[in-house]
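Input: a single structure, listed below in structure tokens.
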Amino acid sequence: MDFDRIIDRRSTESLRWQIYPQDVLPLWVADMDFESPACVLKALHERVDHGIFGYDLATFGLKEVFIERMQNLYAWQVTDPQLSFVPGVVTGFNLALRALCQPGDSVIFFTPAYPPFFSGPKSAGLNVIECPMLEDSESNYSIDFDLFEHLIVEHHVKAYIHCDPQNPTGRAFCRAELEKLAGILLRHRVFTCSDEIHCDIVYDGCQHIPIASLSREVSDTTLSFLAPSKTFNIAGLYASVAIIQNETLAKRFTDVRSGLVGSPSSLALTAAKAAYKDGAEWLDECLIYLQANRNWLLENIQARLSGVKATRPEATFLMWLDCRQTGLESPYKFFLDKAKVALNDGLTFGEQYSQFTRLNFGTPRANLETALNAMERALKER
Ligand SMILES: Cc1ncc(COP(=O)(O)O)c(C=O)c1O
């Protein structure tokens with residue numbers, strides 16, 4: 001697999017590549033510029049060539065493959081009835097919140113946070129409680145457990161949206177952190193809605209641990225969402241997996257979605273099955289490439305972008321940039337206007353993050369070099 005190959009994506013109406021003018025390099029929304037694994041393309045071609053797209057049982061083999069995967073990766077035993085498929089993790093966690101909460105209930109999550117964590121609960125009439133993470137002088141983020149517990153008690157929080165690996169900081173929470181977190185959640189009877197979409201993109205020295213795999217007590221109060229979408233670059237197909245091990249919660253989830261949110265399409269499930277079954281080699285190579293991109297960026301940002309501090313992602317292909325020392329009011333607007341590089345605006349990850357941006361490094365290295373050159377020049381010429 002040649003991850004250096006530049007593939008024109010504007011011709012496919014890609015959200016990432018179409019929304020900005022032609023002279024802008026888009027390093028924002030979280031998909032990658034790499035071709036999906038050959039096994040995925042082959043499976044899709046075969047399915048398309050069959051030519052009939054009626055209702056099917058594509059989840060059949062997929063469930064088996066996924067159950068084995070959870071066992072192999074996390075020693076986590078999940079069973080067929082505990083699995084269901086949803087067209088997207090955002091859809092999944094919004095359904096979960098509706099299954100767990102009543103309008104007026106409070107939902108908590110850590111900030112900076114993936115933007116739909118703010119909008120989803122609000123549209124369901126829920127109160128959003130933000131719990132800022134602690135940040136040290138090296139831009140490392142960690143959980144403020146005391147504040148978390150205090151906010152839960154103060155606001156009678158009903159549900160917690162867990163995001164691990166965390167977007168945008170790239171944290172992959174370790175077992176000790178997860179156990180402490182779970183202790184607080186169980187103590188105060190808070191349900192967990194777990195977004196683990198980035199679970200497979202984890203770098204050397206770190207590992208992903210599904211929070212529900214910690215213990216029976218935790219899995220009993222948790223609805224987890226995993227997906228092959230980021231892992232194998234098939235986000236536009238919208239295949240995601242819900243794992244709900246408590247029967248009552250699983251029924252509530254099914255009731256909420258019933259008649260409103262159906263299954264992912266046949267093609268989405270076909271791609272997911274092929275990716276999980278035969279995509280391991282591609283993923284290994286992709287992780288090596290991404291990790292090298294991450295390391296190159298960390299080095300070059302520190303050396304060349306004066307006033308910009310990068311958080312070192314342990315996972316995800318996203319890098320969180322603290323631009324406060326540049327004095328720029330909106331680094332997002334500055335880099336878009338002056339460097340023609342489109343990043344994500346930090347403001348969308350929480351009100352206090354207007355001087356931050358997020359960079360997507362799931363792209364050939366040459367694009368990162370172009371972006372860094374332009375960003376360095378823009379900062380120097382200001
Ligand atoms: C943390 C997180 N959750 C969910 C999503 C999107 O999920 P989906 O497209 O499956 O709804 C993203 C995409 O960037 C994400 O970063």
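Hydrogens, waters and symmetry mates play no part in the numbers below; they use all other heavy atoms, side chains included. One-based numbering, in listed order, for ligands and for the atoms of each.
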Legend entry - Polar proximity ligand 1 side, Thr91 side, N/O cut 3.5 Å exclusive: no
Legend entry - Atoms in ligand 1 flagged as close to Cys163, the criterion being non-hydrogen separation under 4.0 Å: 1 (C)
Inset, instruction - Please identify which atoms of ligand 1 are closer than 4.0 Å to at least one heavy atom of Lys230. - result: 12 (C), 13 (C), 14 (O)
Inset, instruction - Output yes when the distance from some N or O of ligand 1 to some N or O of Leu318 is under 3.5 Å, and no in every other case. - result: no
Inset, instruction - Look at Arg47 together with Asp56 and state whether they make a salt bridge at an N to O cut-off of under 4.0 Å. - result: yes
Inset, instruction - Could you name the option among Phe117, Tyr114, Tyr238, Phe225 that has the heavy atom nearest to atom 15 (C) of ligand 1? - result: Tyr114
Legend entry - Ring centre gap for Phe145 and Phe148 strictly below 6.0 Å: no
Inset, instruction - Within a distance under 4.0 Å of any heavy atom of Ala30, pick out the atoms of ligand 1 and give their elements. - result: 14 (O)
Legend entry - Contact check: Asp195 vs ligand 1, nitrogen or oxygen atoms, below 3.5 angstrom: yes
Legend entry - Reference residue Asp33; test side chain to side chain donor-acceptor pair (under 3.5 Å); the match among Thr363, Asn233, Asn360: Thr363
Inset, instruction - Please check if the distance between the ring centroids of Phe109 and Phe118 is under 6.0 Å. - result: yes
Inset, instruction - Of the side chain and backbone of Val90, name the one, both, or neither that has a heavy atom under 4.0 Å from an atom of ligand 1. - result: both
Inset, instruction - May I ask you to identify the nearest protein heavy atom to atom 10 (O) of ligand 1, giving residue, atom name and distance to one decimal place in Å? - result: Val89 N, 2.8 Å
Inset, instruction - Kindly state whether the ring of Trp28 and the ring of Tyr332 have centres lying under 6.0 angstrom apart. - result: no
Legend entry - Minimum-distance protein heavy atom relative to atom 7 (O) of ligand 1: Ile197 CD1, 3.2 Å
Inset, instruction - Decide if the gap between the ring center of Trp296 and the ring center of Phe361 is smaller than 6.0 angstrom. - result: no
Legend entry - Sidechain N-carboxylate O distance under 4.0 Å for Glu46, Lys42: yes
